[in-house]
**Q** 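Okay, here's the structure, questions in a sec.
Chain letters run A, B, ... following the sequence lines, proteins first, then strands; residues in each count from 1. All values derive from a computational prediction rather than experimental measurement.
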There are 2 protein chains.
Amino acid sequence: MAAEPVTRGRPREFDPEEALSAALQVFWTRGYEGASLAELTEAMGITKPSLYACFGNKEALFHKALDLYERDKLCYMRSALDAPTARGVAERLLRGTLQIQTGGSDPRACLGVISMVACTTQADSIKTDVIARRASSDKALVERLERAKAEGELPAGIEPAAIATYLTAVIQGMGVQASGGATPAQLEQLVETTLAMWPTA
Amino acid sequence: MAAEPVTRGRPREFDPEEALSAALQVFWTRGYEGASLAELTEAMGITKPSLYACFGNKEALFHKALDLYERDKLCYMRSALDAPTARGVAERLLRGTLQIQTGGSDPRACLGVISMVACTTQADSIKTDVIARRASSDKALVERLERAKAEGELPAGIEPAAIATYLTAVIQGMGVQASGGATPAQLEQLVETTLAMWPTA
DNA sequence: CGCATTATATACCGATAAGTATGAAATCCG
DNA sequence: CGGATTTCATACTTATCGGTATATAATGCG
């Protein structure tokens, strides 16, 4: 990180980090295609030319917002894999998801879920990006569960990849429920139920 | 159903049922907001004025398409509740969902899931409608599971409402996975895993 | 100060969105 | 055949979309 390399010309009057954070909130509530530049610039407190000069265009802005989202909101996913048991991993993932979904004013799905389900028209590269990121985190989860299986934590008949897909589906389904107006209590109950069903070796 | 009440004036040159079915396909692949009138009329084989005369407007068309969707695609949900055991209900629901998701060219989420997650901007009434329909079918599922519990099918510690929410979440999560490019084989595996985890009394 | 440079604000661009006005074409009733 | 009626096809309206041209304001450097 080269701190303030050179500052020639008129200095910019906004903080790109703050602006990006505001953009993330808009994308998270509206989705990529549902977020208009008018709403984005309004929330970011800047004008369109400033946005384009600083972030490129709407698509590049979204990718940067997704970076921020992973860094700020999905960090629990990496640390969840450090749990001592497979069940602990599942519990951390479920509770972490619950936390980010119920953290704001009203529950909403993970931004990745929204982007995967909602982007259709021209936002192919958005969807591709999200799917690739998801695949990468899924891979890490599968590897962790393979270790768990090697350590005898999982029943013989259950594939690590299968249980990873299953857990991911529950987590994504939780996001859909959140989008559909589920209360935090209902989402918490969903976490408990899922944990109650977790297999024992 | 009054069959052909009166036919005065120029007869319409298309079949409303067929046109609606075509519209449903477009809504299903693009979502409500992602489906443009241009694409809809193209797929339906009619012009915009014909669409407006026959169906009202885009929103009314969507509600009618949703009716058709429930009638044609979600009928398995009602019959699933007739299964003799709670586990049988779950299996029918999961396999029925799998079937409609993998029936087309490539897997896609339930239209309800897409609408709940994706509709944000102005489509509030769409979302409200979908949520209400979902609540109604959820209610039926809860009642069925309450019966199962009364018959001793479910473990003591598990609430019928909780397990209904859980099952719905898995089904919706399956839709997200389908949207995210999961293969039919992966989705089938998800069904199997979920059934393997189903609680036994 | 004067100049190069960068960011700002306003106004604009073509494309597309949903929805409609208008007139011609096709039917039934008399 | 001649209205009355309904549908059809084309062209249009207004608003908004993402993106940009242009001109002005604010800085560092010399």
**Q** Among pairs that include at least one residue of residues 158-180 of chain B, which meet ring pair (Phe, Tyr, Trp, His ring centres under 6.0 Å), considering only residues two or more places apart or in two chains?
**A**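 Counting only pairs at least two positions apart or across chains, no ring pair (Phe, Tyr, Trp, His ring centres under 6.0 Å) contact touches residues 158-180 of chain B.
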**Q** Does A:Lys58 make a cation-pi contact with A:Tyr32 (under 6.0 Å, within 45 degrees of the axis)?
**A**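 Yes, A:Lys58 and A:Tyr32 form such a contact.
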**Q** Between the base of C:dT27 and the side chain of B:Arg10, is there a donor and acceptor pair under 3.5 angstrom?
**A**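 Side chain to base: no pair below 3.5 Å.
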**Q** For A:Glu70, which residues count as a salt bridge (charged side-chain N to carboxylate O under 4.0 Å, His left out) partner, sequence neighbours excluded?
**A**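 Once residues adjacent in sequence are excluded, the partners of A:Glu70 under the salt bridge (charged side-chain N to carboxylate O under 4.0 Å, His left out) criterion are A:Arg133.
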**Q** So, is A:Ser36 near the phosphate of D:dC17, with a side-chain N or O under 4.0 Å from OP1 or OP2?
**A**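 The answer is yes; a side-chain N or O of A:Ser36 sits under 4.0 Å from OP1 or OP2.
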**Q** I want to verify a distance call: between C:dC28, D:dC8, D:dG18, whose nearest atom is closest to the B:Arg12 side chain?
**A**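 Of all the options, the side chain of B:Arg12 is nearest to D:dC8.
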**Q** At less than 4.0 Å, is any side-chain N or O atom of B:Arg8 found next to OP1 or OP2 of D:dT6? Yes or no.
**A**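 It does, given that an N or O in the side chain of B:Arg8 lies less than 4.0 Å from OP1 or OP2 of D:dT6.
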**Q** Using salt bridge (charged side-chain N to carboxylate O under 4.0 Å, His left out) as the criterion, list what pairs up with A:Arg78, not counting sequence neighbours.
**A**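 A:Arg78 satisfies salt bridge (charged side-chain N to carboxylate O under 4.0 Å, His left out) with no residue once adjacent residues are dropped.
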**Q** Starting from P on D:dG18, measure out to CG on A:Leu51 and report it in whole angstrom.
**A**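 In whole Å, D:dG18 P lies 11 Å from A:Leu51 CG.
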**Q** Starting at atom CZ of B:Phe55, determine the distance to atom C1' of D:dT7, rounded to an integer number of angstrom.
**A**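 Atom-to-atom, B:Phe55 to D:dT7, this comes out as 14 Å.
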**Q** Test: side-chain hydrogen bond (donor to acceptor under 3.5 Å, both in side chains). Region: residues 34-46 of chain A. Which pairs qualify, not counting sequence neighbours?
**A**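 Every pair satisfying side-chain hydrogen bond (donor to acceptor under 3.5 Å, both in side chains) with a residue in residues 34-46 of chain A: A:Arg30-A:Glu39.
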**Q** CZ of A:Phe62 versus C1' of D:dG18: gap in Å, rounded?
**A**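 Rounding to the nearest Å, CZ of A:Phe62 and C1' of D:dG18 are 16 Å apart.
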**Q** Sugar-phosphate atoms are those with a prime plus P, OP1 and OP2; base atoms are the rest. Using that split, label each nucleotide of nucleotides 10-15 of chain D B, S or - for protein heavy atoms under 4.0 Å, 5' to 3'.
**A** B-----
**Q** Apply salt bridge (charged side-chain N to carboxylate O under 4.0 Å, His left out) to B:Arg12 and list each qualifying residue two or more places apart in sequence or on a separate chain.
**A**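 B:Arg12: no salt bridge (charged side-chain N to carboxylate O under 4.0 Å, His left out) contacts found.
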**Q** Between D:dG19, D:dC8, D:dT27, which one does the side chain of B:Phe14 approach most closely?
**A**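 Looking only at side-chain atoms, B:Phe14 lies closest to D:dC8.
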**Q** Return each pair, listed once, that meets ring pair (Phe, Tyr, Trp, His ring centres under 6.0 Å) where at least one residue sits in residues 64-113 of chain A; pairs must be two or more places apart or across chains.
**A**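 Counting only pairs at least two positions apart or across chains, the ring pair (Phe, Tyr, Trp, His ring centres under 6.0 Å) contacts touching residues 64-113 of chain A are A:Trp28-A:Tyr69.
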**Q** Whole angstroms only, please: what is the CG-C1' distance between A:Leu37 and D:dT20?
**A**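 Checked: the CG to C1' distance equals 12 Å.
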**Q** What pairs with A:Lys48 under salt bridge (charged side-chain N to carboxylate O under 4.0 Å, His left out), at least two apart in sequence or on another chain?
**A**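 A:Lys48: no salt bridge (charged side-chain N to carboxylate O under 4.0 Å, His left out) contacts found.
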**Q** For A:Glu13 and B:Leu40, take the nucleotide of DNA chain C holding the closest heavy atom to each; which residue's nucleotide lies nearer the 5' end?
**A**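 The answer here is A:Glu13.
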**Q** Check B:Arg147 with B:Glu143, please: is the shortest side-chain N to carboxylate O separation under 4.0 Å?
**A**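 The answer is no: the pair does not qualify as a salt bridge.
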**Q** Output the single nucleotide from D:dG19, C:dG19, D:dG28 whose closest atom is nearest the side chain of A:Tyr52.
**A**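 Selected nucleotide (nearest to the side chain): D:dG19.
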**Q** May I have the distance from B:Glu42 (atom CD) to C:dA17 (atom P), rounded to whole angstrom?
**A**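 Roughly 12 Å, once rounded to whole Å.
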**Q** Among D:dT5, C:dT8, D:dC8, which nucleotide sits nearest the side chain of A:Ser50?
**A**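 Looking only at heavy atoms from C-beta outward on A:Ser50, the closest nucleotide is C:dT8.
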**Q** Would you work out how much the helix from C:dC1-D:dG30 to C:dG30-D:dC1 bends between its ends, with each end axis defined by five base pairs, to 10 degrees?
**A**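 Result, rounded to 10 degrees: 10°.
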**Q** Roughly, in whole Å, what's the span from CG in A:Asp15 to C1' in C:dT8?
**A**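 Those two atoms, CG and C1', are 17 Å apart.
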